Amino acid sequence: MEKLLDRISDEMRNAFEAAGYDRELGKVTASNRPDLCEYQCNGAMAGAKQYKKAPIVIAKDVADKLLDSEVFEKAEAVAPGFLNLTLKNEFVGAYVKKMRAEKKYGLEETPSPLKIVLDYGGPNIAKPLHVGHLRSAIIGESIKRIARYMGHTVVGDIHLGDWGQPMGLVMNELKVRDPKLVYFDENYTGEYPDTPPFTVAQLEEIYPFASKRAKEDEAYKADAMACTYKLQSGQRGYRALWNHIINVSVADLKKNYEKLHVEFDLWNGESTVHNLIPDMVEHMKQGGYAYISEGALVVDVKEETDTKEMPPCMILKSDGAALYNTTDLATIKMRMEQEQPDKLIYLTDKRQELYFEQVFRCARKTHLVKEDTQLQFIGFGTMNGKDGKPFKTRDGGVMRLENLIKEINEEMLRKITENSKKENHEMSLEQQCETAKIVALSALKYGDLSNQASKDYIFDIDRFTSSEGDTGPYIMYTIVRIKSIIAKYAENGGDVEAVYSALQTPVNDSEKQLMMELSKYNTSIEAAYEETAPHKICAYIYGLANAFNHFYHETKILTEEDASKKAGWIALLILTRDILETAIDLLGFEAPERM
RNA sequence: GCACCCGUAGUCUAAUGGAUAGAACGGAGGCCUCCGACGCCUUUAAUGCAGGUUCGAUUCCUGUCGGGUGCACCA
């Protein structure tokens with residue numbers, strides 16, 4: 001379905017042409033001044049030079065051609081040369097009615113669907129998730145959903161940190177604590193036990209402990225490195241133990257990501273590609289790309305146009321060991337072979353931007369990817385506390401994600417309980433808890449996603465859980481309110497299904513405003529995809545929620561005596577609800593029935 | 001030291017080169033005999049500084065000040 005803006009731009013272009021000007025000048029944009037008009041066109045000013053005429057003269061010429069327009073109620077030339085546009089009610093009503101009939105409310109899926117691999121999440125095995133992992137999960141999930149909705153095929157890969165030094169540290173500490181474990185007996189040839197010799201809680205305690213000790217104790221560190229080596233070189237017992245670590249840790253990670261409604265298609269990690277590394281390194285040497293510099297194997301990725309420093313991309317450390325770059329490059333190789341993607345997207349902290357630039361250039365130079373494979377890095381900013389510094393717990397430690405979620409759930413429950421007493425929407429305690437979880441997730445995700453991903457933002461639990469202002473709970477409240485009205489309509493014998501076709505020409509201004517917000521749906525979602533900017537969806541639904549609440553206050557819906565008018569409004573409410581719920585699904589959360 | 005990113009009301013945040021810079025919170029003041037007041041309405045207040053390009057700059061360029069980040073064997 002043609003976008004509203006394109007439709008009215010067409011109308012405007014025709015008018016420019018009819019008045020004897022270049023039709024390309026007729027581009028219409030949303031109004032910057034809603035108090036003056038609904039849409040605007042600045043083409044007259046852009047064309048002033050070309051036609052050596054005052055902009056206002058051109059604008060007037062064009063406006064004259066629009067007197068009988070079926071689209072514009074009013075097209076007014078205003079100094080210095082703006083065309084202020086007001087749409088016809090019939091036109092807006094018809095557009096919205098057509099949206100209702102379309103599968104995705106008028107959004108066109110992409111004409112050229114891509115296969116995309118999205119790398120996000122990036123947790124480390126044996127380390128608890130902390131707030132640093134939150135943004136990657138939330139933003140990545142949303143980007144994935146938006147791209148899919150646009151018609152692309154997206155494979156989300158969590159890319160676990162499961163192969164490096166931390167593994168050796170954990171295994172070594174397990175060995176120190178219980179050297180008799182069968183995994184460490186190199187002469188053992190039997191089957192290893194099915195049950196792991198530790199719990200998640202123990203695992204999470206062991207890693208920081210071992211990490212700390214390794215920094216103080218050289219011999220201990222050397223033992224840990226030896227463990228890493230034994231694992232990577234394939235010793236049975238170490239592999240078996242490592243499998244336990246992975247299984248226990250992944251089960252726990254899945255549980256936590258589930259709470260966030262974050263779902264990965266692939267649970268690959270660094271370990272998945274370790275056996276691809278030798279061949280890849282050989283390829284880089286054979287191709288003449290890699291050379292030894294200061295003892296390490298590197299590939300130059302500097303380009304002449306660089307204004308910034310671009311250190312070479314390191315492939316192997318001087319001791320011959322693999323590093324982050326190595327596994328990332330090998331992962332690219334694997335993804336190209338297994339998924340044949342058109343595009344690879346990496347979502348990490350923005351501090352890794354230079355690093356990924358190196359990796360991308362290296363991948364291109366060494367032909368790990370095809371010429372036309374797109375490589376995109378999306379860097380997100382830090383989540384800060386109220387003091388503007390990276391988010392910490394009260395005593396200054398790293399906040400575990402689990403605890404953060406617990407805190408926000410509790411705060412939300414407190415607010416809901418309070419309100420349940422005040423209003424007549426009483427719920428059982430169990431219902432309140434369930435609702436609190438749903439609304440808390442919206443608070444958390446909306447609070448994050450409503451900011452531009454690349455910027456740092458302040459995590460403020462009080463603000464995010466408040467239903468006042470531009471927040472998740474406000475959106476939730478609006479949806480719940482709509483649902484409540486629709487339910488009452490049905491209770492009083494209204495046929496909610498039959499009402500779909502009842503959408504009408506708007507009869508008052510706030511109804512028209514609401515419809516115009518609705519009609520921006522396809523444009524907004526598409527822009528959010530093009531710019532990988534979930535915050536644009538937040539801005540859209542916030543505007544829509546506002547338009548609805550405004551409409552609601554001006555219009556007595558259920559007491560309306562004219563049945564067809566009432567049905568038209570209910571149909572409008574249903575469409576608003578559907579669009580809001582579709583949009584929040586793209587952000588990765590959902591609305592409750594009541595709150 | 002070099003490079004990159006960011007400076008918008010008291011706070012938080014938006015704006016493909018377009019009008020009087022848009023919201024939110026906070027402050028001030030209104031609206032429930034009426035569909036959910038977790039709402040709505042009114043009001044208050046901002047582009048770090050100095051130049052330049054342009055008919056027109058928060059946006060592009062230069063300089064400057066402030067903040068953040070990065071600069072090969074960590075990930």
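Residue numbering restarts at 1 for every chain, and letters A, B, ... go by the order of the sequence lines. Just the heavy atoms: all of them, side chains too, but no hydrogens, waters or symmetry mates, feed the values below. Because the structure is a prediction, the values reported are computed rather than measured.
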Check whether any side-chain nitrogen or oxygen of A:Lys488 sits under 4.0 Å from OP1 or OP2 of B:G36, and answer yes or no.
yes

Nearest-nucleotide pick for A:Lys317, side chain only, options being B:C38, B:C73, B:C35:
B:C73

Under 4.0 angstrom, heavy atoms only, what part of the nucleic acid is A:Ile557 near: base, sugar-phosphate, or nothing?
base

Mind checking A:Asn124 for me? I need base, sugar-phosphate or nothing, with any heavy atom below 4.0 Å counting as a touch.
nothing

A:Tyr477 aromatic ring stacked with six-membered ring of B:G39, 5.5 Å and 30°:
no

A:Leu323 side-chain proximity, nearest of B:A23, B:A75, B:A19
B:A75

Step through it carefully: locate the ring centre of A:Phe459, locate the ring centre of A:Phe464, and say whether they are under 6.0 Å apart.
yes

Candidate nucleotides B:C40, B:C35, B:C38, ranked by approach to the side chain of A:Tyr552 - the nearest:
B:C35

Would you mind telling me which of B:A19, B:C73, B:A75 lies closest to the side-chain atoms of A:Met314?
B:C73

Same-atom distance (P) from B:C25 to B:U13, integer angstrom
15 Å

Do A:Glu357 and A:Arg361 sit within salt-bridge range, that is, some charged N less than 4.0 Å from a carboxylate O?
yes

Return no unless some side-chain N or O of A:Tyr474 is found under 4.0 Å from OP1 or OP2 of B:C40.
yes

Checking all strands, does A:Gln352 fall into the base, sugar-phosphate, or nothing category for heavy-atom contacts under 4.0 angstrom?
base

Please work out if A:Met45 contacts a base, only the sugar-phosphate, or nothing of the nucleic acid, heavy-atom cut-off 4.0 Å.
base

Under 4.0 Å from OP1 or OP2 of B:C41: is there any side-chain N or O of A:His550 that close?
yes

